[in-house]
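Heavy atoms only: backbone and side chains are in, while hydrogens, waters and symmetry mates are out. Order of the sequence lines fixes the chain letters, A, B, ..., with proteins taken first and strands second; residue numbering starts at 1 for each chain.
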Amino acid sequence: MNRDYEEKDKDFAEEGRDVLQEMKEAYEHTPVPEEGRRLVEQAIQRAKKDKRRGQAVVRLRRTAVGIAAAFACIVALSNSSAQVAHAMGQIPILGAVVRAVTFRTYEADKENFQAQVEIPQLEAEEGAGELPQGAEEINSSIEEFTDRFIKEFESDMETGGEGHEGLDISYETVTDSDRLYTVKVWAVQTQASGAETVRYYTLDKATGQQLALADLFAEGSDYVTVLSEEIKLQMRRQMQEDPGKQYFLDDEEFPEWNFERIKEDQNFYITDGQKLAIVFDEYEVAPGYMGVVSFEIPTEEIADILQPDMGILQ
Amino acid sequence: MSAVKKQQAVEDAVHSTLVDHYERYYRLAYRFAGNEQDALDIVQEGAYRAIFKCGQLKNPEYAGTWIYRIIINTAKEFLKKRSRETLLGEQMPDAGKEDAYEAFDVNRALDAMDENDRAVIILRYFEELTLEETAEVLGENINTVKSRLYRALRKLRTKLE
């Protein structure tokens, strides 16, 4: 079949060579207005400016969120004396099994290369006994995740290169409830603009195991499809409500970039409100200026495929 | 290479390809638009989209075929819009008119073709892309491109005989 077409293609090309040659010459003689080159350069500059503006808007939003979060923290501390007492005096309260501590730091400041890295590790709380197996697994995953960025940075630093390059890795405890402990580790690579990669690691204190996305759902349920469809719905809604938001979705021009499905082990965490949040890295499902994006899944949308008696989501 | 570095490399590659091969993109747009003003509009809009969306292009090596694809899609969209406006009678004074200039009547045969068949001939024979690259530009598989070529060449031959 293939061979057949190729031969026909060749035959026609042979026979029609004169005609094609003539057509090609005519095509190449299409007069090209020189002013177009300047117009194209202008269009390029306009696109670059619009792109940077989009990035600036998101950065501003992120800063605003940061301020709000810090503020919320202060309120929580002054209103909840039990937690303050715990933090100050290390009084064991129910559910304190592990905590994240800085295990390794790495700093570099050499000409144009700056790095500020804090790598956490889970350790057993005092009096909580041995470190659960799931926590050990999380520790090696964190190391693997962060090592990759440090190696990349170090090899770039060795080869030199132009311009500024930065690496920031940090972490925070996202959840420490009776049931779950979640640590978020993120890496920001900076050059002309930044790229952020995030991983959430959750320990199920009830089992001592790392909580996987699949664990939340009944065996054999197609959670990948259900979650993916819900996320697409939210993406469409957001794009409709806010033209500044853009996801790789329903793009006819580049269908192969469209978001289709989450990974079976897609990044996720459980919010304070005990809802499932699905997280995507920068560039994974949206242009860079959108940054890291997450989608909170209403529990009623997934109620019928949840693992019964899990009791994690509400 | 870091993700940021890659993105910068991609944007640089798209930028220089757009400028260096401006003539190619203009000629391609002109073959679809039929007049200078519309062809210029298509090339500018295509350049804007290519830079704005280049976050989607992960490998700078594909910048060339990727831009052809954007120009062709922009041109198709443009033609669709133009024919709608013509139907509604909202035509701009110059838009949509074909320039009197035609280097060779033979290229008119191209204009009678289906848009994708036309694109295949231009990309494969005038711009000398490989079959694989042509398929990539059109987002079609290689056998579809081959049958388009076969059909388009046959049509050309009967027209010119």
- Item | Donor-acceptor pair between Q189(A) and E165(A) side chains, under 3.5 angstrom |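 Result is no, nothing qualifies.
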- Query: So what's closer than 4.5 Å to chain B heavy atoms on E25(A): side chain, backbone, both or neither?
  - Reply: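 Answer is neither: E25(A) stays 4.5 Å or more from chain B.
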- Is chain A contacted by the side chain of E45(B), its backbone, both, or neither, given a heavy-atom distance below 4.5 Å?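 Interface part for E45(B): neither.
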- Item | Toward chain A, the part of L28(B) with a non-hydrogen atom under 4.5 Å |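 For L28(B), the contact with chain A is made by backbone and side chain together.
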Aromatic contact between [X] and [Y], with the criterion being ring centroids under 6.0 Å apart: yes or no?
| X | Y | result |
| --- | --- | --- |
| Y27(A) | F126(B) | yes |
| Y201(A) | Y269(A) | no |
| F295(A) | Y247(A) | yes |

